[in-house]
A.B. asks: 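Take this structure first; my questions come after.
Below, each value reflects all heavy atoms present in this structure, side chains not excepted, and no hydrogens, waters or symmetry copies. Chain naming here is simple, since letters A, B, ... match the order of the sequence lines and numbering starts at 1 in each. If you're wondering where the values come from, they're calculated on a predicted model, not measured in any experiment.
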Amino acid sequence: MTAKILGLELGVARAVGAVTFSMVIGLIMQGLYRREEQERAAARKGFILSGAESRRWGYRRLFALQVAVLVFANWAPASAEDGGAWHLIYAWKWPLTAFAAIGLAVLLAWRFRWAWPPLAATGLMVVALAWLLPQQPVVAFSAGLLGLTLAAALQPGDGEEWLSQTWGFARLVMPLLLGGVLLAGFLLGRPGHDGIIPAEWISAAVGGNALSANFLSALVGAFMYFATLTEVPIVQGLLGAGMGKGPALALLLAGPALSLPNMLVIRGFLGTQKTVVYCSLVVVMATITGLVFGTFYP
Amino acid sequence: MATQPTTPTPLDAASHPLARLRGAIRDNPTELKWLAGIVAVFLLVLFMPVGVPRFDNAVLEGLALLNWYAREHVMLCLVPAFFIAGAIAVFLSKDAIMKYLGPTAPKAVAYGVASVSGSILAVCSCTVLPLFGVFTGAAPAWGQPLPFSIPGRPSMCWPS
């Protein structure tokens, strides 16, 4: 989509940039923290290795099905002429999600030997809600999640452990994420709307290909929260308002990679110092990439 | 009842009020943080320009973004991502993770696996985070999990 709407150059530059980015930043971070890494490797204690050998192949399906549910439930909309397969899947996303979810329930009951009544009850609930409220698939989906939670809670051993780990992540991530989104909205507004920082300031500052334009673009992109695939229309609008191609690329690279909520959460995992290093690296690399690109493709 | 006139205590004596205050500050860092926080929030709300249209609008924008986020992202991508991360933490053997993403894995493999899985799993930027958390816990060579965050979303845009 980037290539189609914003031009082939930007599309290719973005894809190449994104992959290179990740390698380079990963390597730099590793290099910077090599000693600490070694200490961690030496001190690391083992994970709980759960389940017998014979259940090993069940795990792959477990993950595959969960990921399938996630991917299909969030399949991005596309109109019919954009690409046959994509659109077809989009039209069928909920049946596909349901299919994957049923597979998951069956796997849990059969291979992992979970008690089947809670899973069956969940299934019935989801079907009933899907039938009663077909315009609100989120309701049926949420009921499914709730059912899974209960089934896991009632399942001693791996069910309980799974739930407790899941809760651990939720407790760590949710407050930071929600607070971050609120703050991001306050500062920069929703896409297409102003927050406390006026849009004119931003678009006035990112015209041309000056270092400052690229840097500002990368910085704003790093903080701003971009919804899936909304960065392209935003950049389109900004290009129309006079943004240079270099800063546009900087925005495309830094935008999806980071946002204020993301930064807060990452800080929870890596600590403030590493997070600052990481975010700075992203901004710097986005700036440089944008600058270089803008020089060759003004 | 007349009080005895007291001789002034030298500044460095332990019982001097200033020294006691210094000690109290040093011994109670949490209380100090609370105090700082409360004062900061109070000053913030004291001075915030309620009534100025730009400010009011920004507040509404913040709430609007939060509302949109809660509707579109939390149930459908964030919560499933938490479950997946939890499942990784419980079910995935440490050996498998170490084999592909640990410090002894060949760099190309580790980065490759991280990039590809980052692309698939990052359906929305928030799903990457719980997974990132699992891997920073699991793989000591955490340079590898970082690629998750970055190529995930842009690579998802490839097919579109």
Side-chain angles (χ1 to χ4, degrees), chain A residues 1-2 14-15 18-19 21-23 25-27 29-30 37 40-41 44 46-47 49-51 59 62-63 66-67 69-71 73-74 78 86 138 141-142 145 158 161-162 165-166 169-170 173 177-178 181-182 184-186 189-190 193-196 228-229 256-257 259 262 265 269-270 278, chain B residues 54-55 57-59 61-66 68-69 72 75-94 103 111 114-115 118 120-121 123-127 129-130 132-134 136 138 140-144 146-147 149-151 153-155 157-160:
Chain A
M1 189 157 99
T2 311
R14 182 188 183 175
V19 175
F21 241 50
S22 65
M23 308 257 175
I25 294 191
L27 284 168
M29 293 292 268
Q30 213 177 343
E37 219 177 274
R40 278 179 68 164
R44 180 116 298 259
F47 250 125
L49 240 169
S50 165
Y59 296 151
L62 181 74
F63 287 108
Q66 283 185 72
V67 171
V69 169
L70 181 67
V71 166
N74 290 286
W86 193 275
V138 184
F141 191 85
S142 307
L145 285 174
D158 49 8
E161 276 176 54
W162 185 7
Q165 288 289 329
T166 303
F169 287 113
V173 171
L177 212 46
L178 292 181
V181 169
L182 189 63
F186 177 77
R190 288 171 296 170
H193 294 78
D194 264 12
I196 203 133
T228 319
L229 302 181
S259 67
N262 279 26
V265 174
F269 290 128
L270 295 181
Y278 173 63
Chain B
R54 179 157 282 279
F55 179 81
N57 188 56
V59 170
E61 281 300 315
L63 291 173
L65 190 67
L66 193 58
W68 163 86
Y69 185 79
E72 299 292 321
M75 289 316 277
L76 288 181
C77 27
L78 200 56
V79 176
F82 288 138
F83 273 98
I84 295 180
I88 292 177
V90 173
F91 294 110
L92 211 55
S93 78
K94 181 172 169 288
Y111 281 85
S115 299
I120 299 175
L121 294 168
V123 283
C124 78
S125 51
C126 42
T127 57
L129 294 169
F132 180 71
V134 178
T136 44
W142 62 266
Q144 270 77 345
L146 281 174
S149 309
I150 305 179
R153 291 272 317 290
S155 306
C157 295
W158 245 136
S160 56

A.B. asks: How close do B:E61 and A:G185 get, heavy atom to heavy atom, and via which atoms?
C.D. replies: CB-O, 3.6 Å
A.B. asks: With sequence neighbours excluded, tell me which residues meet side-chain hydrogen bond (donor to acceptor under 3.5 Å, both in side chains) with A:Q165.
C.D. replies: none
A.B. asks: What part of A:V265 is in contact with chain B, defined as an atom under 4.5 angstrom from a non-hydrogen atom: side chain, backbone, both or neither?
C.D. replies: side chain
A.B. asks: Do B:F83 and A:L145 have side chains that approach each other closer than 4.5 Å (heavy atoms only, starting at C-beta)?
C.D. replies: yes
A.B. asks: My understanding is that only residues two or more places apart in sequence, or in another chain, count here; which of them pass side chain to side chain contact (heavy atoms under 4.5 Å, CB included) with A:L178?
C.D. replies: A:M174, B:L66, B:Y69
A.B. asks: Between B:A58, B:P80, B:G62, which has the largest tally of heavy atom pairs under 4.5 Å with chain A?
C.D. replies: B:A58
A.B. asks: So how far is it from A:L177 CG to B:L78 CG, rounded to the nearest 0.5 Å?
C.D. replies: 5.5 Å
A.B. asks: Check B:L65 against A:V181 and note the closest heavy-atom contact, atom names and distance.
C.D. replies: CD2-O, 3.5 Å
A.B. asks: Give the minimum heavy-atom separation between A:L70 and B:I84, together with the two atoms involved.
C.D. replies: CD2-CD1, 3.9 Å
